[in-house]
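Only one structure is covered here, and it is reproduced in the block below.
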Amino acid sequence: MVTLQAPAKINLFLEVLGKRKDGYHNLNTLFLKLQLFDKISLTPAKSGITISCAHPQVPASSDNLVWKAANLFRKFSGVEQGVHINIKKNIPVAAGLGGGSSDAAATLIGLNKLWGIKAQKQDLLRIGKKIGADVPLFLIPDVAAVGKGRGDRLSPVPLLKKMWIVLIIPAISVSTKEIFGNLPIGLTNKRNDVKLLIHALREADPAIIGKYIYNRLETVTFRKHKALATIKRKISALGVRAVLMSGSGSVIFGIVKTREEAMCIKRRLQDCGKVMVVKSL
Ligand code: C5P
């Protein structure tokens with residue numbers, strides 16, 4: 001059996017540059033991985049791909065990204081064996097934290113090991129891109145990366161200091177496809193502060209980071225789910241200087257200096273739904 005930890009991510013920056021011919025959008029985004037993990041266990045089987053997961057929102061069918069990952073990797077490698085994949089879900093689902101994509105990437109890495117294929121990183125990245133735009137991020141070891149194109153052309157960002165992050169997980173599932181579909185692609189000025197943000201991240205000072213974090217999808221998701229704007233206001237009112245929605249939502253995160261500060265914010269946000277305190281990877 002092979003067991004892997006699949007981390008979550010947040011987007012500290014997400015600008016949409018325009019629509020592509022393939023239906024996706026070109027992005028300029030900065031990802032940060034978190035010490036919040038799903039656990040993926042791969043057990044050899046005679047044939048076929050089966051999935052088990054206790055979480056009610058996670059399908060145990062071919063709709064699951066881990067099934068797509070295993071199916072594509074089996075075709076690539078030509079093996080005839082099967083696999084059983086167990087997912088222990090800790091990352092909130094449909095929340096903008098990349099859990100499904102991370103599980104799929106861990107499945108590719110794990111099957112490469114389990115079946116002794118020795119596929120190269122480039123092969124895994126090529127297969128990962130077919131599964132979803134966020135999958136390649138989880139195939140590289142780096143804690144942070146800038147994503148261009150669909151978000152899958154990655155340049156690692158070296159980070160020395162770890163950050164404490166409060167995640168507010170509202171009971172709202174967001175469809176990424178729907179949010180991108182409702183995004184007005186107009187002539188508005190595009191934010192281009194990623195370099196300044198990377199500079200601010202070196203110092204890990206939330207007050208400065210707060211000036212440069214940005215998410216173009218926030219207004220679209222907030223228009224549909226007004227409660228999210230209220231949550232963002234509530235955390236900001238507690239004095240947290242770096243607050244943003246991740247991906248297409250619905251998670252709202254706040255970056256703070258210490259674990260103590262994070263725990264204090266958590267206690268004061270109990271009525272906003274589920275709140276988690278995590279550290280960057
Ligand atoms: O790749 P993934 O399955 O995560 O994307 C879900 C949906 O989000 C896509 O079908 C597409 O509608 C939208 N999307 C996009 N541009 C991106 C990433 C996602 O339009 N760069």
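If you're wondering where the values come from, they're calculated on a predicted model, not measured in any experiment. Each ligand, and each atom within it, is numbered from 1 in the order the structure gives.
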Discussion item. Return the closest protein heavy atom for atom 13 (C) of ligand 1 as residue, atom name and distance.
Written reply: Phe180 CD1, 3.4 Å
Discussion item. Can you confirm whether more than 12 heavy atoms, excluding those of Lys190, are under 6.0 Å from its NZ atom?
Written reply: yes
Discussion item. Give me the residue, atom name and distance of the protein heavy atom closest to atom 8 (O) of ligand 1.
Written reply: Thr176 CG2, 3.3 Å
Discussion item. Within the 3.5 Å criterion, strictly below it, is a donor on Thr50 or His84 matched to an acceptor on the partner's side chain?
Written reply: yes
Worksheet entry | Distance-only side-chain donor-acceptor flag, Lys9 / Asn11, under 3.5 Å | yes
Practice prompt. Give the atoms of ligand 1, by number and element, whose distance to some non-hydrogen atom of Arg150 is under 4.0 Å.
Written response: 17 (C), 21 (N)
Worksheet item: Among His25, Lys19, Lys129, which one has a heavy atom closest to atom 21 (N) of ligand 1?
Response: His25
Discussion item. I need the nearest protein heavy-atom contact for atom 18 (C) of ligand 1: residue, atom name and distance, please.
Written reply: Tyr24 CD2, 3.5 Å
Discussion item. Just checking Lys89: does its NZ atom have more than 12 heavy atoms from other residues, nucleotides or ligands closer to it than 6.0 angstrom?
Written reply: yes
Worksheet item: Looking at atom 12 (O) of ligand 1, what's its closest protein heavy atom, distance included?
Response: Lys177 CG, 3.4 Å
Worksheet, complete the sentence: Leu27 heavy atoms within 4.0 Å reach ligand 1 at atoms 21 (N)
Item to complete: Could you tell me whether Arg20 atom CZ has more than 12 heavy atoms of other residues or ligands within 6.0 Å of it?
Response: yes
Practice prompt. Can you establish whether the number of heavy atoms outside Gln120 located under 6.0 Å from its atom CD is more than 12?
Written response: no
Worksheet item: Should you measure from each heavy atom of Gly132, which atoms of ligand 1 turn up under 4.0 Å away?
Response: 1 (O)
Worksheet entry | Those atoms of ligand 1 less than 4.0 Å from some heavy atom in Ala133 | 1 (O)
Worksheet item: More than 12 foreign heavy atoms under 6.0 Å from CZ of Arg150: is that the case here?
Response: yes
